[in-house]
2 protein chains.
Amino acid sequence: MNRNYPRIRDVAEAAGVSTATVSRALSTPDLVSEDTRAIVLKAVEATGYRVNHAARNLRRQQTGGIVVLVPNLANPFFSAILSGITSAMAPSGYNVLIADTRQGEHIRDYLHNNRADGLIVLDANLPEDVLSAGAPERHHPPIVFACEWLENDTRPKVVIDNVYGAGLAIDHLVELGHQRIGHVMGPPDNVLTITRAEGTRRALAKHGLTLRPDWFLEGDFSLASGAEAARRWLCMDDRPTAMFCSSDAMACGFIGELHHRGVRVPDDVSVVGFDNIDISAHFVPALTTIAQPRTRIGETAATCLLSLMKGEGEAICQPHVLEVELIKRQSAARLG
Amino acid sequence: MNRNYPRIRDVAEAAGVSTATVSRALSTPDLVSEDTRAIVLKAVEATGYRVNHAARNLRRQQTGGIVVLVPNLANPFFSAILSGITSAMAPSGYNVLIADTRQGEHIRDYLHNNRADGLIVLDANLPEDVLSAGAPERHHPPIVFACEWLENDTRPKVVIDNVYGAGLAIDHLVELGHQRIGHVMGPPDNVLTITRAEGTRRALAKHGLTLRPDWFLEGDFSLASGAEAARRWLCMDDRPTAMFCSSDAMACGFIGELHHRGVRVPDDVSVVGFDNIDISAHFVPALTTIAQPRTRIGETAATCLLSLMKGEGEAICQPHVLEVELIKRQSAARLG
DNA sequence: TCATCTTATGCAATCGATTACATCGCTGCA
DNA sequence: TGCAGCGATGTAATCGATTGCATAAGATGA
């Protein structure tokens, strides 16, 4: 930041008005006459003035930024959401800060409302106390949850219907003639894991299929854990003919590992994923999956947070449930 | 941001010292006696004080943040780099803002030094004037380029040796007996495209192979452009037996599309990618590729920027060239 | 014992934009 | 004519932390 940088006072002098008028011309144009406004804008142009955000934020008692808490930034699933957030935030002038929740203690800083005017949380598995709504001595800024959320928490969230999505996947497999269906899950304490597993169980029950707990494999949404699940599938002496994976990354890892071991998808086993990440359409075989609108999740969360910060109340921020969709491709085929 | 939030004055009163002492105890502990420091820290604890960054930044004439300009945030290639940046930045206390360069005019704002104390640029294809070093009336903050860079520009950068990397790929294919080698390129005006194509040409020449311009296909690093390249490959009546793709995403798109059309990799054509993104090891077939240390690129860029901002001069910021490595997997096989 | 130097602390100005309040000039109505 | 009301603008206080300068207390040396 450069000293001798044009200040609002320089603009005021150039325009022959007071700093108050310059400030008003820029942030509340209705309060100045059309003529002065034009003069001021010309002076701004001439001096190359840009507002000093630190000064503005100090006076306005705000920080001028929002923070996005991301679990594992390196996971491409989140980059599309981030992209949606930044594009929805850009016109507002708020800065978008990102913080990787794996970076330990630093996140606590971000939760304080003197660090950010708002928060978008993509990771509901933070240490117990961090996100608790019930600690009034901690001054949290407005929070919007996206993708993940806390059970029994009334704060606004932007999510999908994971139970329904899982149901779509199972219905499809059953339609293809599969009766022996397994499930690769995410990490145990994750809401997405829980709801997708629940949806899987319900759909299996609906179709009168017996539930085989030994066919529910634990994973962590990653490629590597999908590969690990494949190895466990290979060790079974009584194998399912189809696997529903709780993330596309796990589905890809699963298929890739099977391929290395000489097992073919969908010939030897059908696979359905969840997320519809970019690679899925190009995978070999192209991945049948449940699509969720990732960019729109980000946009919606950002828009919701903006209206919360404007103080437009919680009313318009009822849980947004965005639609999911079955994308039929080649990784799941008719049993036979 | 809450009014009646503890200010430095509250801490001062609680500790029975002046605000100056509190400030010093926190930011320059050496200037304060051990006893008072302890008292102040206790008072900080008791009041729950957190510094107001707007006030600090205003007084210190800084913004407290750095901006990362990313071309297409939704591209997973960049998320690993971002991850490296945030982890290297976390201890410094600087905020990390991200801006997607596709978001048009807003980027210009970020380039002004009253918006950020430093800049990491991952996209060298911005409009001509935006990054030009030679416009002194624009007050740029310190800049570090990463991955991409401007030709004939002496500013610090963190890059890899793309010519050498491309050479590794071609050498490997030649070693496997391939004589007819094509190349899928990135967008035409991109430095990575240019240097990787140059490396390809040089390596082909080194091995005495004739250069076939009709085997150099244009792409844009994306999955979709890889698929498009596959379609063009299929239309050739005189096909290369191996393709070196300038990004893993294009390699995956290429292989996926061929697979849909019944062409097998590596049986019918060998493919080598570039980047070693996470999916590559799990792709079908597992992708032979040139690895670049993406996380470390981010970390190095961040560290370099930090020392630049500390005013430690350009000296320690000579172009950092990080190493690349050939990862042999299954997508490239012996010809025959 | 006094002058000098060092260390620890306080006082108060400062960073730049915003905004409550005061002022001024004008219009319109009684 | 006089006064209320309104629109446009200026004056100056304010946001909270930092830091140059002043000062006081203690250490050192002659």
Side-chain angles (χ1 to χ4, degrees), chain A residues 1-41 43-44 47-64 93 109 112-115 117 139, chain B residues 1-41 43-44 47-65 93 95 109 112-115 117 139:
Chain A
M1 185 107 98
N2 210 304
R3 316 66 250 287
N4 63 28
Y5 200 75
R7 306 186 295 294
I8 200 172
R9 189 190 310 168
D10 301 317
V11 179
E13 278 168 19
V17 298
S18 73
T19 62
T21 302
V22 175
S23 177
R24 283 189 279 249
L26 294 176
S27 29
T28 51
D30 298 346
L31 293 183
V32 300
S33 76
E34 208 167 316
D35 295 353
T36 6
R37 201 186 315 154
I39 293 171
V40 168
L41 292 181
V44 166
T47 51
Y49 171 75
R50 323 286 287 223
V51 348
N52 180 314
H53 287 80
R56 165 180 288 178
N57 291 333
L58 172 58
R59 177 59 222 236
R60 288 202 180 150
Q61 300 271 85
Q62 63 179 17
T63 71
D109 280 355
H112 258 267
N113 64 355
N114 67 344
R115 195 70 189 268
D117 299 328
H139 304 260
Chain B
M1 187 106 99
N2 210 304
R3 311 72 248 288
N4 64 27
Y5 198 76
R7 306 187 295 294
I8 200 172
R9 190 189 310 168
D10 301 317
V11 179
E13 278 167 20
V17 297
S18 73
T19 62
T21 301
V22 175
S23 176
R24 283 190 278 249
L26 294 176
S27 28
T28 50
D30 297 347
L31 294 183
V32 164
S33 79
E34 208 167 316
D35 295 352
T36 19
R37 201 187 315 153
I39 294 172
V40 168
L41 292 181
V44 167
T47 52
Y49 170 76
R50 323 287 287 224
V51 348
N52 180 314
H53 287 81
R56 164 181 289 178
N57 291 334
L58 172 58
R59 176 59 223 236
R60 288 200 181 152
Q61 300 269 85
Q62 61 178 20
T63 71
N95 286 327
D109 279 355
H112 258 267
N113 64 355
N114 68 344
R115 196 72 188 267
D117 299 328
H139 304 259

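Each chain gets a letter, A, B and so on, in the order the sequences are listed, and its residues count up from 1. As a basis for the values below, the full set of heavy atoms in this structure was taken, side chains included, without hydrogen atoms, waters or symmetry mates.
The shortest distance between the side-chain N/O atoms of Arg7(B) and the OP1/OP2 oxygens of dG16(D) is below 4.0 Å. The phosphate of dG16(D) has neither OP1 nor OP2 within less than 4.0 Å of any side-chain N or O from Tyr49(B). When the side-chain nitrogen and oxygen atoms of Ser18(A) are compared with OP1 and OP2 of dT9(D), none of them lie within a distance under 4.0 Å. Here Gln61(A) does not reach the OP1 or OP2 of dT14(D): none of its side-chain N or O atoms lies under 4.0 Å away.
Remark: C1' of dT9(C) and CD of Glu13(B) are 17 Å apart, rounded to the nearest angstrom. In this entry the distance linking CZ of Arg60(B) with P of dA13(C) reads 22 Å, nearest Å. Straight-line distance from the CZ atom of Arg9(A) to the P atom of dT11(D): 13 Å, rounded to whole Å. Atom pair Leu58(B):CG and dT14(D):C1' shows a separation of 12 Å (rounding to whole Å applied). Counting to the nearest Å, the P atom of dG16(C) and the CG atom of Asp10(A) are 9 Å from each other. Separating the CZ atom of Arg59(A) from the P atom of dT19(C) is a distance of 6 Å, rounded to the nearest angstrom. Atom CD of Gln62(B) and atom C1' of dA17(D) are 11 Å apart (whole Å). A straight line from CG of Asn57(B) to P of dT19(D) spans 12 Å, rounded to a whole angstrom.
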>> Please determine whether side chain to side chain contact (heavy atoms under 4.5 Å, CB included) holds for the pair Asp10(B) and Tyr49(B), giving the CA-CA distance in whole Å, both sets of side-chain angles, and the decisive distance to 0.1 Å.
In response: CA-CA 8 Å; Asp10(B) 301 317; Tyr49(B) 170 76; over 6 Å; no
> Would Val40(B) and Val17(B) count as a side chain to side chain contact (heavy atoms under 4.5 Å, CB included) if you check the C-alpha gap in whole Å, the side-chain angles of each, and the deciding distance to 0.1 Å?
Replying inline: CA-CA 8 Å; Val40(B) 168; Val17(B) 297; 4.2 Å; yes
>> Between Arg60(B) and Asn57(B), is the side chain to side chain contact (heavy atoms under 4.5 Å, CB included) condition met? List the steps.
In response: CA-CA 5 Å; Arg60(B) 288 200 181 152; Asn57(B) 291 334; 5.7 Å; no
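For the pair Leu26(A)/Leu41(A), a side-chain contact is recorded, criterion being any heavy-atom separation below 4.5 Å from C-beta on. Side-chain contact between Val22(A) and Arg9(A) is absent, with no heavy atoms from C-beta onward closer than 4.5 Å. Annotation: side chain of Gln61(B) is not in contact with side chain of Tyr5(A) (no heavy-atom distance under 4.5 Å).
Among the heavy atoms of the strands lying under 4.0 Å from Val17(B) are primed sugar atoms or P, OP1, OP2 only; no base atom is included.
For residues 20-31 of chain A, the set of pairs meeting the side-chain hydrogen bond (donor to acceptor under 3.5 Å, both in side chains) definition, not counting sequence neighbours, comprises Ser18(A)-Thr21(A).
Ranking dA12(D), dT18(D), dA17(C) by closeness to the Ile8(B) side chain, first place goes to dT18(D).
For residues 23-39 of chain B, proximity to DNA chain D is found at Ser23(B), Arg24(B), defined as any non-hydrogen atom under 4.0 angstrom from a strand atom.
Of the residues near DNA chain C, Ala55(B) and Ala20(A), the one whose nearest nucleotide (by heavy atom distance) lies more toward the 5' end is Ala55(B).
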